[in-house]
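Below: the structure, in structure tokens.
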Number of protein chains: 4
Amino acid sequence: MARKSTEERRKEITEGLLEAMAEHGYAGASIKRIAARAGLTPGLIHYHFDTKQAILLALLKRLFVPQIQVLRSLADEANSAEQALESVLEALLSTGDSADPKAVAAWVTIGTEAIREPEINEAYSQALLEIEALFESIVERGVDSGEFDAGELSNRACAAALLAVVEGYFTVAATCREAIPQGTAAQAALRMAKGLLQR
Amino acid sequence: MARKSTEERRKEITEGLLEAMAEHGYAGASIKRIAARAGLTPGLIHYHFDTKQAILLALLKRLFVPQIQVLRSLADEANSAEQALESVLEALLSTGDSADPKAVAAWVTIGTEAIREPEINEAYSQALLEIEALFESIVERGVDSGEFDAGELSNRACAAALLAVVEGYFTVAATCREAIPQGTAAQAALRMAKGLLQR
Amino acid sequence: MARKSTEERRKEITEGLLEAMAEHGYAGASIKRIAARAGLTPGLIHYHFDTKQAILLALLKRLFVPQIQVLRSLADEANSAEQALESVLEALLSTGDSADPKAVAAWVTIGTEAIREPEINEAYSQALLEIEALFESIVERGVDSGEFDAGELSNRACAAALLAVVEGYFTVAATCREAIPQGTAAQAALRMAKGLLQR
Amino acid sequence: MARKSTEERRKEITEGLLEAMAEHGYAGASIKRIAARAGLTPGLIHYHFDTKQAILLALLKRLFVPQIQVLRSLADEANSAEQALESVLEALLSTGDSADPKAVAAWVTIGTEAIREPEINEAYSQALLEIEALFESIVERGVDSGEFDAGELSNRACAAALLAVVEGYFTVAATCREAIPQGTAAQAALRMAKGLLQR
DNA sequence: TATGAATGAGCGTTCATTCAT
DNA sequence: AATGAATGAACGCTCATTCAT
């Protein structure tokens, strides 16, 4: 086995978990399977990660961090709150609707682990809260500019609703793709968002 | 141990799975733990269920069937499509928002198992499709009566969006309750639904 | 595999540990080896014992409890403190000197585990303290009757010294039998004991 | 890392084993832990020692050789056999009673490894036999000078008894310090030795 | 000398399932 | 209908040792 740096190996291993998890779930993604997917020997996994959970946390980070950065850029570059909303939902849901199914399945699976593993919960909750905060900033911008009106709801409650829409499309896409008419997720979400925030 | 009918035992066992799953996830809900929660001996579990997966399917049914019946009644009894929408969302999301967290966690967990277990997927997908069909019938009723206008979206796409909202609130509630301002889920969902379907 | 009660199995398993430990030490006495010695399958070990350490504790008890009972009887039945001392040392050291080498090796091995495992330490310490207490009661009896005189030492310090003699013979017997001229342990120990306690 | 001579490194490594063993026992003293305690990298350990067992042998030597030399000097410098006995027991048991607990624990731990590892057994046995020989020479000197009388026991049997006392105090001190009233070990041992050898 | 990635066997433990009672 | 002992495979993880660098 050619020697590589820990950073390279860690990337390969999280990728191995992604693939193993898509096929077998988290519990079924055994160290042996992760290793096989990554083309490594099982013993090496624990040289680079202390625990299996640590791999999951690394995968969560790898899925989330680039995504949230893209979303923030899109929001920043938009000329209006409405445009920001549109491009963020588009970015999230053309993924949720049609793009990398493995990543979506992994995201949903991580969410389920987060229900009862405190450390996973902390990281996953933080991710959800960052997405929510992004939505809230867009809502606030729209309210300030007069584009939006949250009615009786707080900006935060609106942001939570938008977060729920996105997470919900992920869940449905991962479990019952046929329930979502192809290509309608982003459009329907945007329509709901505008309805939620209309003057 | 006094002998009980198979039906009573099956109910106790699915309840045991619900509780064990809330604490340990599906993989962690061992037969031993399920038995302990149900106050039974491990050997008895396999007398009433062939496999662990069969218990999960029974739990899914137990969670879903009464719920969909209630929802259908609410929709039928409503005087308008809008009122049907309101009472259905209210029924689903006052649950998703504040009611039995164990049931919500179990539902989300079952969804994740459905990603890769064909038999679970079939049952879970059918459940989602039934909820979607209910939403679609409400949308159709509203469109027919002139209350709603789905715009460029098909009735089905609108129903899928409403399904996503509900599932999304469940997921977020199960993993990061603090992300949802208390008591706003049903109201925000209704606002989105009306925006989605406004004339 | 014929079905037996837990109590029978637990006895077989502690016996398996005794034998595996004599040959491989505690760390080397793997569950697999214990099972093989006991003629059981590995999975069954953990049905009857929660942890490997629990087996060690059970073995400690099995080695110690009958022994201390015998010693107490011997002391009680003796007509004088001197005779009590003689029969107790004889009982301990004809064992330590020549009898079941596996049991002696196991005892010494358990002692070493007791250095750093708190639960083992508690049980092993209690065993040592019970032996010491027995010696102390004999010393006290002798002092009271005028047979013995502990000089500047407390009765307890004398008991500790006697305990050390016994434990020391065990250790030397387990590691370097040739260092002890055969059949001299009990006699030499008694001579030392009398010297320690002479008027 | 500045390069150091092999001899210095070997000393650091045996010291690392001593500390790791005090906390985790021999089996639990992994190369990684030894390296960490010694402030070295794991790979380097096997540059200086072929096997883990070789480190244990080196540690045994490091603990034993300086000690036996001191003891021999003390015996040589004494004006009488009795004085020799007194200073040797004092040197051994003010250690066993109160001094470096890590070294005592390590000594006892090495003894247990010696039960079943032939190479360790050889080295440990030799150490015990050298201590015994020292005691035997003191006994012989006393018998020759008329200070001592071994009675029916051989000089060797007396030496073995003294060895047992010392080893026993080590064991008890390592496992159940509270069993030994502080500061009494050397005094009680000497009283026993004199009793053993009295005219 | 020194590093730390890599190996593969083995560890204690858990598990769904079976089945004699 | 019920018990709980029994099975054997698989689990996450640790390990002494090797070796390319």
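Per chain, numbering begins at 1; letters A, B, ... match sequence-line order.
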Check every atom of [options] against the side chain of [X] and return the nucleotide holding the closest atom.
| X | options | result |
| --- | --- | --- |
| Arg33(A) | dT7(E), dG8(F), dC11(F) | dC11(F) |
| Arg9(B) | dT7(F), dT3(E), dA2(F) | dA2(F) |
| Thr41(D) | dT3(E), dT13(E), dG4(F) | dT3(E) |
| Leu44(A) | dT7(E), dT17(E), dT7(F) | dT7(E) |

*Between Ser30(A) and dC11(F), does any side-chain N or O lie under 4.0 Å from OP1 or OP2?*
yes

*Please state whether the phosphate of dA2(E), meaning OP1 or OP2, lies under 4.0 angstrom from any side-chain nitrogen or oxygen of His48(D).*
yes

Rounded interatomic separation in angstrom, taking [atom1] from [X] and [atom2] from [N]:
| X | N | atom1 | atom2 | answer |
| --- | --- | --- | --- | --- |
| Glu113(B) | dA16(E) | CD | C1' | 14 Å |
| Ile31(A) | dC11(F) | CD1 | P | 10 Å |
| Leu40(D) | dA2(E) | CG | P | 8 Å |
| Glu117(B) | dA16(E) | CD | C1' | 13 Å |
| Met21(D) | dA16(F) | CE | P | 13 Å |
| Phe49(A) | dA6(E) | CZ | P | 13 Å |
| Ile13(A) | dC13(F) | CD1 | P | 13 Å |

*Tell me the stems DNA chain E sits in, counting at least three consecutive Watson-Crick or G-U wobble pairs, each under 3.5 Å on both distances.*
E:2-21 with F:2-21

Do [X] and [Y] have side chains that get closer than 4.5 Å, going by heavy atoms?
| X | Y | answer |
| --- | --- | --- |
| Arg62(C) | Leu59(C) | yes |
| Ile115(B) | Asn121(B) | no |
| Leu56(B) | Met21(B) | yes |

*Do Tyr47(C) and dA5(F) share a donor-acceptor pair, side chain to base, under 3.5 Å?*
yes

*State plainly whether the residues Arg33(A) and Glu19(A) are in salt-bridge range, i.e. N to O under 4.0 Å.*
no

*Any salt bridge between Lys11(A) and Glu8(A), counting N to O under 4.0 Å?*
no

*For Ile45(C) and for Lys32(A), locate the closest nucleotide of DNA chain F by heavy-atom distance; then report the residue assigned to the nucleotide nearer the 5' terminus.*
Ile45(C)

*Residue closer to the 5' end of DNA chain F, Ser5(C) versus Ala27(A) (nearest nucleotide)*: Ser5(C)

_Residue that, paired with Tyr124(C), satisfies side chain to side chain contact (heavy atoms under 4.5 Å, CB included) out of Thr112(C), Leu57(C), Leu60(C)_ = Leu60(C)

*Give Ala54(A) one of three labels, base, sugar-phosphate or nothing, depending on what nucleic acid heavy atoms sit under 4.0 Å from its own.*
nothing

*At under 4.0 Å between heavy atoms, what does Thr6(A) touch on the DNA or RNA strands: base, sugar-phosphate, or nothing?*
sugar-phosphate

*Could you pull out the closest heavy-atom pair between Leu17(B) and Ala29(B), with the gap in Å?*
CD1-CB, 3.9 Å

*Please work out which of the three classes, parallel, tilted or perpendicular, describes the rings of Trp107(A) and Phe64(A), given edges at 30° and 60°.*
parallel

*Please tell me which of Thr51(C) and His46(B) maps to the more 5' nucleotide of DNA chain E, matching each residue to the nucleotide holding its nearest heavy atom.*
Thr51(C)

*Closest nucleotide of DNA chain E for Tyr26(B) versus for Lys52(C): which of these residues is on the 5' side?*
Lys52(C)

